[in-house]
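Structure first, commentary second.
Protein chains get the first letters and strands the later ones, always in sequence-line order, with residue 1 at the start of each.
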Amino acid sequence: MNSASSLDIDFSAPAAEVAPALIGVILTLNGVGGRIVEVEAYDHDDPASHCFGGITPRNQVMFGPPCHAYVYRSYGIHWCFNIVCCPPGHGAGVLIRAIEPLFGIDTMRTRRGMDNVRLLCAGPGRLCQALGITMEQSGTAVNRPPFQLLPATEPVTVVTGPRIGISKAKETPWRFGLADSRFLSRSFCQ
DNA sequence: AAAAGGATTCACT
DNA sequence: GTGAATCCTTTTG
């Protein structure tokens with residue numbers, strides 16, 4: 001696309017600031033992807049975060065440079081995709097939970113083995129399967145090929161709520177979503 | 001070397 | 001809305 005359209009997001013900012021800024025952003029991997037409609041922030045001093053307790057071989061990527069991918073295996077079955085933020089050494093990231101499919105939908109259908117577009121990327125494990133994200137991408141930059149990040153094409157209204165599927169710090173309202181999107185993994189109760 | 005713990009998904013009621 | 005499966009990765013001894 002045009003070189004002037006670099007993303008207006010400072011990934012060295014705190015996760016809770018980067019997360020809502022990512023709503024509406026276009027994310028693709030090898031041309032397959034769409035608009036981010038749901039994310040969650042996970043910060044360094046957050047008991048629910050993999051970063052909590054300090055650096056380990058597994059989470060070292062999140063302590064590395066921002067704007068990189070942190071991918072991990074969930075429940076032994078699914079991949080989950082995060083974008084690292086905050087300065088190196090801090091340890092924080094934003095979990096991408098849902099995407100509105102826009103590009104390469106047929107590829108997504110094949111990978112997911114289903115036709116229902118609404119369910120192709122509605123969930124962290126699902127969107128990784130649809131985009132083809134695996135450990136291979138962990139530690140790579142998200143703003144360079146084969147990834148591509150483009151600014152939101154139109155103004156967005158961001159809604160907030162408690163995070164999903166965690167056992168600790170459930171109260172922290174660090175889940176962000178695109179208001180009224182039908183591609184959310186679950187609806188917001190507000 | 002072994003054990004424990006999931007930032008989930010799917011199917012069913 | 002509820003319950004169960006499912007397999008890997010990380011962590012610890």
Side-chain angles (χ1 to χ4, degrees), chain A residues 11 14-23 25 27 29 36-64 66 68-86 90-101 108-140 142 158-178 181-190:
Chain A
F11 283 95
E17 291 181 24
V18 175
L22 281 171
I23 299 298
V25 169
L27 167 72
L29 172 59
I36 297 173
V37 296
E38 183 183 348
V39 300
E40 284 177 6
Y42 285 90
D43 212 332
H44 163 69
D45 54 357
D46 172 6
S49 170
H50 290 174
C51 302
F52 188 70
I55 188 169
T56 68
R58 172 218 216 171
N59 63 24
Q60 61 170 329
V61 172
M62 280 209 280
F63 290 84
H68 281 222
Y70 166 57
V71 184
Y72 69 92
R73 187 75 94 167
S74 174
Y75 285 79
I77 318 170
H78 312 286
W79 297 105
C80 289
F81 172 69
N82 301 255
I83 297 179
V84 178
C85 57
C86 297
H90 182 94
V94 177
L95 171 71
I96 310 300
R97 287 192 54 88
I99 286 177
E100 174 183 341
M108 295 186 192
R109 284 200 176 111
T110 302
R111 287 174 177 157
R112 293 274 298 123
M114 65 161 58
D115 284 341
N116 191 334
V117 177
R118 192 177 64 83
L119 297 178
L120 285 180
C121 302
R126 290 166 172 167
L127 81 87
C128 283
Q129 186 180 20
L131 299 214
I133 295 174
T134 71
M135 199 74 135
E136 300 237 335
Q137 278 75 41
S138 196
T140 66
V142 174
V158 177
V159 292
T160 307
R163 291 173 292 182
I164 294 178
I166 57 177
S167 54
K168 302 180 177 182
K170 292 178 182 174
E171 316 303 323
T172 313
W174 275 1
R175 176 176 179 234
F176 304 93
L178 179 61
S181 171
R182 59 184 254 267
F183 297 95
L184 300 172
S185 64
R186 299 172 64 168
S187 63
F188 285 77
C189 307
Q190 68 171 323

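The CD1-P distance, from A:Ile96 to B:dT8, rounds to 14 Å in whole Å. In this entry the distance linking CZ of A:Phe81 with C1' of B:dA7 reads 14 Å, nearest Å. If you take OH of A:Tyr72 and P of B:dT8, they are 6 Å apart, rounded to a whole angstrom. If you measure from atom CZ of A:Arg73 to atom C1' of C:dT11, you get 18 Å, rounded to the nearest angstrom. At whole-Å resolution of the value, CD1 in A:Ile77 and C1' in B:dG5 are 13 Å apart. Per the geometry, CD belonging to A:Glu171 stands 17 Å off P belonging to B:dA7, to the nearest Å. Put simply, CZ on A:Arg163 is 14 Å from P on B:dG6, counting in whole angstrom units. The CD-P distance, from A:Gln129 to B:dT9, rounds to 10 Å in whole Å.
With B:dC10, C:dT11, B:dG6 as the candidates, the nucleotide lying closest to the side chain of A:Thr56 is C:dT11. Checking B:dT8, C:dT10, B:dA7 against every side-chain atom of A:His50, the shortest atom distance belongs to B:dA7.
Checked by distance alone, A:Tyr75 brings no side-chain donor or acceptor within 3.5 Å of a matching partner on the base of C:dA5.
Backbone-only contact: A:Arg112 has heavy atoms under 4.0 Å from sugar-phosphate atoms and none from a base. At a threshold of 4.0 angstrom between heavy atoms, the contacts of A:Ile166 are confined to the sugar-phosphate backbone, with no base atom among them.
When atom types are taken as modelled, the side chain of A:Asn82 and the backbone of A:Gly93 share no donor-acceptor pair closer than 3.5 angstrom. Remark: the backbone N or O of A:Arg118 is paired with a side-chain donor or acceptor of A:Asn116 at under 3.5 angstrom.
At least one side-chain heavy atom of A:Phe81 sits less than 4.5 Å from a side-chain heavy atom of A:Leu27. Residues A:Asp46 and A:Trp174 have side chains in contact (heavy-atom distance under 4.5 Å, counting atoms from C-beta outward). The side-chain heavy atoms of A:Phe183 and A:Val117, taken from C-beta on, include a pair separated by under 4.5 Å.
In this structure, A:Arg126 reaches the B:dC10 phosphate: one of its side-chain N or O atoms is under 4.0 Å from OP1 or OP2.
Counting non-hydrogen atoms of other residues, nucleotides and ligands closer than 6.0 Å to CZ of A:Arg109 gives a total above 12.
Across the C1' atoms, B:dA11 and C:dC8 are found 23 Å apart, a figure rounded to whole Å.
With a cut-off of 3.5 Å on both pairing distances, the Watson-Crick and G-U wobble pairs of DNA chain B assemble into stems of 3 or more at B:1-6 with C:7-12, B:8-12 with C:1-5.
Nearest-nucleotide positions on DNA chain B for A:Met114 and A:Gly93 put A:Gly93 closer to the 5' end.
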